Enquirer: 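Take this structure, written in structure tokens, and hold onto it; I'll ask about it next.
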Protein chains: 2
Amino acid sequence: MASKDRILRLKEETRCNILDASLKIVKEGGWDALSMRKIADEIEYTAPIIYEYYSNKGAILLELTRKGFLLLAKDLQAAKDKHRLPAKQLEAMWLAYWNFAFAEKELYQVMYGVETSCCEMAKKMPESEMPMDLIWDVIVELMLPHVGTEEEICIKYYTFWSVIHGLISINMVNRGNTAETNHEVLKTAISGIIRSIKG
Amino acid sequence: MASKDRILRLKEETRCNILDASLKIVKEGGWDALSMRKIADEIEYTAPIIYEYYSNKGAILLELTRKGFLLLAKDLQAAKDKHRLPAKQLEAMWLAYWNFAFAEKELYQVMYGVETSCCEMAKKMPESEMPMDLIWDVIVELMLPHVGTEEEICIKYYTFWSVIHGLISINMVNRGNTAETNHEVLKTAISGIIRSIKG
DNA sequence: TTAAAAAATTTAACACTGTTAAGTAAATGA
DNA sequence: TCATTTACTTAACAGTGTTAAATTTTTTAA
């Protein structure tokens, strides 16, 4: 019976509509704005029918996560295919990774557990700059006697901070590395950057 | 009147108790478990009196954030004071930063917006390994003809990933850098790691 | 000591959240 | 046309942050 097919097609369509509606809501108002009732509103149904398509809210997030990983993989593959030399490929792929994160900000957030709201005000908190100031000073000392421009110090600082914070974040949400591997990554990264500062 | 002082002291104490109770709840059940009513339960009051001490839930989070930054700064200073050479100081400080993140995991999470719950299941999702696989292959190619051990490749991969993910996270929650600075950090980090892989 | 004023604390309520069970309307099959 | 299944909605529960009103306790003044 063809009507069965039609119904199945419609079901698949609403399943997809739910994801699209969710992403739309998140893009408009952030992850806090996402609720079952708003999704239902968007697809012109009431909340309970969403549970016919996804067992709960978490399942929707998981499906968006999956979508994100597929999209990211596609971008990485495309970036790789544009070059022949592995070094060039690698550079292009990480740049593609970077671009994906901001082009599909909301997907990246749910994929890797990056929150967004609470820390907006933390910027205005003077205490939040204390760690940076402390480390900044030591970087300057390390560069002596040829202290670079503010921009150069900034780049050093953020390179340090990025690799450490990145490794911490990855371990917190994913915690899949051994302690030895982590320390190895840490030590090589830190000493590498320190060497590059020394010249 | 000395009784005024006593009352003020008591008020300051409950203000502190609210923070302690909050942190206790979060440490026991994660950030999702934190609610005004649970805090009230913990300090043996009802929910509305919390609003006499903090204007809303966000203010409590902000105060915990502040506490976190102060504690981190203290740790960094202590690490610095243990050495004389700037290079040694810097290394010790970043290691202290690392240790703080895991010793005070909950504080670090609220300070830098690192989520924790949703991505536990994402690990089991095969799609989540596609980006890693793609990049892993290119790293191997880059190491040819002397491909290292799995551990060595892992370290390279995570160094890459950490610096990129870290820079992305920092920009998403804090977004305080210019596009040029970001690209500079990115490029120098990537080319630096690639150089170190080549030998 | 007692009455009035002030402060401290609780109860009740509102609007929201995710989720489930029961009820109702619509489409389908015989 | 009638019975059954499917589709969908309404109502409800337990929880959330937050506010206003009511109530209890404490302090002040006579």
Side-chain angles (χ1 to χ4, degrees), chain A residues 1-19 21-26 28-65 110 115-118 120-121, chain B residues 1-19 21-26 28-65 110 115-118 120-121:
Chain A
M1 285 193 189
S3 77
K4 288 277 175 199
D5 288 10
R6 199 204 67 229
I7 286 173
L8 247 97
R9 216 162 43 235
L10 278 177
K11 282 222 165 196
E12 195 49 44
E13 203 182 311
T14 35
R15 225 187 113 82
C16 192
N17 284 345
I18 290 171
L19 287 188
S22 302
L23 203 53
K24 185 190 170 195
I25 292 164
V26 172
E28 281 169 357
W31 283 100
D32 284 349
L34 185 65
S35 82
M36 299 302 259
R37 285 171 177 86
K38 276 183 205 150
I39 297 172
D41 250 41
E42 194 71 36
I43 61 170
E44 295 179 300
Y45 276 108
T46 50
I49 63 117
I50 301 178
Y51 292 85
E52 308 261 323
Y53 298 89
Y54 295 95
S55 62
N56 51 34
K57 193 182 179 183
I60 298 177
L61 301 193
L62 212 60
E63 199 58 39
L64 286 174
T65 306
V110 74
E115 276 183 14
T116 173
S117 57
C118 83
E120 287 217 359
M121 334 206 84
Chain B
M1 288 196 187
S3 74
K4 288 276 176 198
D5 288 10
R6 199 203 68 230
I7 286 172
L8 248 96
R9 215 161 45 235
L10 279 177
K11 282 223 166 195
E12 195 50 42
E13 202 182 313
T14 34
R15 224 187 114 83
C16 193
N17 285 344
I18 290 172
L19 286 189
S22 303
L23 203 54
K24 186 191 171 195
I25 292 164
V26 172
E28 281 169 358
W31 284 101
D32 284 350
L34 185 65
S35 82
M36 300 302 260
R37 285 172 179 85
K38 277 183 205 148
I39 297 171
D41 250 42
E42 193 71 34
I43 61 171
E44 296 179 300
Y45 277 109
T46 49
I49 64 117
I50 302 178
Y51 292 85
E52 307 262 323
Y53 298 89
Y54 297 94
S55 63
N56 50 34
K57 193 182 179 184
I60 298 176
L61 301 193
L62 211 61
E63 201 56 39
L64 286 174
T65 306
V110 73
E115 276 183 15
T116 173
S117 57
C118 83
E120 288 217 359
M121 336 205 83

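Quick caveat: nothing in here was measured; it's all calculated off a predicted structure. Side-chain atoms are counted along with the backbone in the values below, which use heavy atoms only and exclude waters and symmetry mates. Order of the sequence lines fixes the chain letters, A, B, ..., with proteins taken first and strands second; residue numbering starts at 1 for each chain.
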Enquirer: Taking side chain to side chain donor-acceptor pair (under 3.5 Å) as the definition, give me every residue that meets it alongside A:Tyr54, ordered by chain and number, with sequence neighbours left out.
Expert: none
Enquirer: Distance check needed: C:dT9 P versus B:Glu44 CD, whole Å only.
Expert: 12 Å
Enquirer: Search all heavy atoms of B:Gly29 against all heavy atoms of B:Ala33 and return the closest pair with its distance.
Expert: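 Reported closest heavy-atom pair: O-CB, 3.3 Å.
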Enquirer: Rounded to the nearest Å, what distance is computed from the CD1 atom of residue B:Ile50 to the C1' atom of nucleotide C:dA8?
Expert: 15 Å
Enquirer: Using the side-chain contact (heavy atoms from CB on, under 4.5 Å) criterion, which residues pair with A:Glu13? Sequence neighbours excluded.
Expert: A:Leu10, A:Asn17
Enquirer: Please classify the nucleic acid contact of B:Glu52 as base, sugar-phosphate, or nothing, using heavy-atom distances under 4.0 Å.
Expert: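 Counting heavy atoms under 4.0 Å across all strands, the contact made by B:Glu52 includes a base.
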Enquirer: At under 4.0 Å between heavy atoms, how does the protein contact nucleotides 16-22 of chain C? Give one character per nucleotide, 5' to 3', with B, S or -.
Expert: -BBBB--
Enquirer: Without decimals, in angstroms, what is the distance between B:Tyr53 OH and D:dT18 P?
Expert: 17 Å
Enquirer: I need the CD1-P distance between B:Ile49 and D:dA20, as an integer number of Å.
Expert: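 It works out to 18 Å between those atoms.
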Enquirer: Residues two or more places apart in sequence or in another chain: which of them pass salt bridge (Lys or Arg N to Asp or Glu O under 4.0 Å) with A:Arg37?
Expert: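 Here no residue qualifies.
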Enquirer: To the nearest 10 degrees, how far apart in direction are the end axes of the helix from C:dT1-D:dA30 to C:dA30-D:dT1, each fit to five base pairs?
Expert: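 End axes: 30° apart.
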Enquirer: Nearest 0.5 Å, please: how far is CG in A:Leu23 from CD1 in A:Ile60?
Expert: 12.0 Å
Enquirer: I'd like to check the side chain to side chain donor-acceptor pair (under 3.5 Å) partners of A:Thr14; sequence neighbours left out, ordered by chain and number.
Expert: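 Counting only residues at least two positions away or on another chain, A:Thr14 forms a side chain to side chain donor-acceptor pair (under 3.5 Å) with A:Tyr53.
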Enquirer: Applying side chain to side chain donor-acceptor pair (under 3.5 Å), name anything that partners B:Glu52, two or more places apart in sequence or on another chain.
Expert: none
Enquirer: In whole Å, I'd like the distance from the NZ atom of A:Lys11 to the C1' atom of C:dA27.
Expert: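 Rounding to the nearest Å, NZ of A:Lys11 and C1' of C:dA27 are 14 Å apart.
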Enquirer: Going by side chain to side chain donor-acceptor pair (under 3.5 Å), name the residues that satisfy it together with B:Lys24, two or more places apart in sequence or in a different chain.
Expert: B:Glu42
